[in-house]
Amino acid sequence: MPELPEVETIVRDLRPALVGRRLGPMRKSTRSLRSPWKRSWRRHLRGACVRSIERRGKWIIISLDSEVCLLVHLGMTGQLRVMPASEPVAPHTHLIFHLDGGRAHLRFRDVRRFGQATVIETRSLAAFFDRTRLGPEPFKLDASYWDQTLGATRRSLKAVLLDQSVVAGIGNIYADEALFEARLHPARSACRLTAAERGRLRQVLPKVLNRAIEGRGSTIRDYVDGAGQVGGYQNEFRAYGRTGEPCQRCARPIRRVRLAGRSTHYCPGCQNLRPATHARVNAEFGE
DNA sequence: ATGCAGTCCTGTAAGC
DNA sequence: TGCTTACAGGACTGCA
């Protein structure tokens, strides 16, 4: 499931492979993605030169000199790769852009079709992310913004971290990893954190995400980088997917529950709920 | 306000 | 062995 580190890895791979190159003719599958592909987009892209490739949250932004951007969201199973045109087209490939007169391809593949590919004018890029209410990047979160936002909601930390309008780019895996790292129970209510705990969570996000980027992202099933290689960070998980395994800090078995509609992994030993203030939730979690 | 269920989707794996 | 069913979840909608 591509989250921020996976998307960042792809963007870094695609940048040298795509910037300065010209998009040729495009082929599209008949199957629909999350949003319909408009017929007029094709002529905005054809012949355009790639100016830059950036990431915002889980979005890939391919800016073209025709003053439009190709925006790609990978959803759950999306893959965006540059490859030789001679490589067989894998099933579930939805977009193929010719590069270099057809010798290479940029291909978008998405088995589950939760992904999205859309074209917008460059000048409405900011408006697009405003409309989707995409929150700030997690790397240099403003402390007062963070304190205010967390202080204003009673939702669980897990739900808050998954909310893209609070902070952009975090999904199920890195929410669990960050909460483990910060030693915070995922069911804790955001507004009941102490100032120190809020600070811990804020500072842990860049740490966890940068480590994952260094590991070139995590492959659970479908994720591959911009060159088609699997990630390496899935071996470094300390909570996610480690149900029943001993915690690396306190050796108690990692527990898995369902929270905010997602499978949630945490250590009942060192990600504590405080019994006095969270008796009800403690009981619910059998602690 | 908030959580929860349902929706989209399909490959994989478990269960009978 | 072969079928059915549950599950994974990013983003969104509708409901209680």
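So you know, we letter chains A, B, ... as the sequences are listed, proteins then strands, and number each from 1.
- Taking atom CG on A/Asn172 and atom P on C/dA8, their separation rounds to 9 Å, with Å as the unit.
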(message) For a side-chain contact (heavy atoms from CB on, under 4.5 Å) check, start with the C-alpha distance between A/Glu54 and A/Arg15, then their side-chain angles and the critical distance, and finish with the verdict.
(response) CA-CA 8 Å; A/Glu54 303 294 330; A/Arg15 212 171 263 144; 3.6 Å; yes
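- Between A/Ser32 and A/Ala152, the residue whose closest nucleotide on DNA chain B is further toward the 5' end is A/Ala152.
- Taking 4.0 angstrom as the limit, A/Tyr223 places none of its side-chain polar atoms (N or O) nearer than this to OP1 or OP2 of C/dG10.
- Between the A/Gln271 side chain and the A/Pro186 main chain, no donor and acceptor come within less than 3.5 Å of each other.
- The aromatic ring of A/Phe114 sits over the base of C/dG10, with ring centres less than 5.5 Å apart and planes tilted by under 30°.
- Nucleic acid contact for A/Arg133: none, since no nucleic acid atom lies under 4.0 Å from a heavy atom of the residue.
- We find the CG-CE distance between A/Asp110 and A/Met76 to be 9.5 Å, quoted to the nearest 0.5 Å.
- Taking atom CZ on A/Arg112 and atom P on C/dG10, their separation rounds to 10 Å, with Å as the unit.
- Rounded to 10°, the helix from B/dT2-C/dA16 to B/dC16-C/dG2 has 60° between the axis fitted to its first five pairs and the one fitted to its last five.
- Below 30°, between 30° and 60°, or above 60°: for A/His92 and A/His94 the angle between ring planes is between 30° and 60°, a tilted geometry.
- Across all strands, A/Tyr174 comes closer than 4.0 Å to no nucleic acid atom at all (heavy-atom distances).
- Candidate nucleotides C/dA11, B/dT10, C/dA8 were compared by shortest atom distance to the side chain of A/Arg262, and C/dA11 ranks first.
- Proximity of a side-chain donor or acceptor of A/Glu6 to a complementary backbone N or O of A/Glu3 within less than 3.5 Å is detected.
- In this structure, A/His265 places its NE2 atom 11 Å from C1' of C/dA8, rounding to the nearest Å.
- Between A/Leu33 atom CG and C/dC12 atom C1' the separation is 16 Å, expressed in whole Å.
- Side-chain proximity of A/Thr153 to C/dG10, B/dT10, B/dT2: nearest is B/dT2.
- Distance NZ (A/Lys58) to P (C/dA11): 4 Å, rounded to an integer number of Å.
- Rounded to an integer number of Å, the gap from CD of A/Gln164 to P of C/dT13 is 15 Å.
- Taking the centre and axis of the six-membered ring of A/Phe180, the NZ or CZ atom of A/Arg249 falls inside the cone set by 45° and 6.0 Å.
- With hydrogens and angles disregarded, a donor-acceptor distance shorter than 3.5 Å links the side chain of A/Glu137 to the backbone of A/Gly57.
- In terms of phosphate contacts, A/Thr77 brings no side-chain nitrogen or oxygen within less than 4.0 Å of OP1 or OP2 of B/dC9.
- Regarding contacts with the backbone of B/dT10, every side-chain N or O of A/His92 stays at 4.0 angstrom or more from both OP1 and OP2.
- One atom, CZ of A/Arg34, and another, C1' of C/dG10, lie 7 Å apart when rounded to the nearest Å.
- Comparing B/dC9, C/dC12, B/dT2 against the side chain of A/Arg155 picks out B/dT2 as the nearest.
- For A/Arg113, a side-chain nitrogen or oxygen approaches OP1 or OP2 of B/dT10 to under 4.0 Å.
- For the pair A/Thr264/A/Leu179, no side-chain contact is recorded, criterion being any heavy-atom separation below 4.5 Å from C-beta on.
- Distance, A/Met76 CE to B/dT12 C1': 12 Å, rounded to whole Å.
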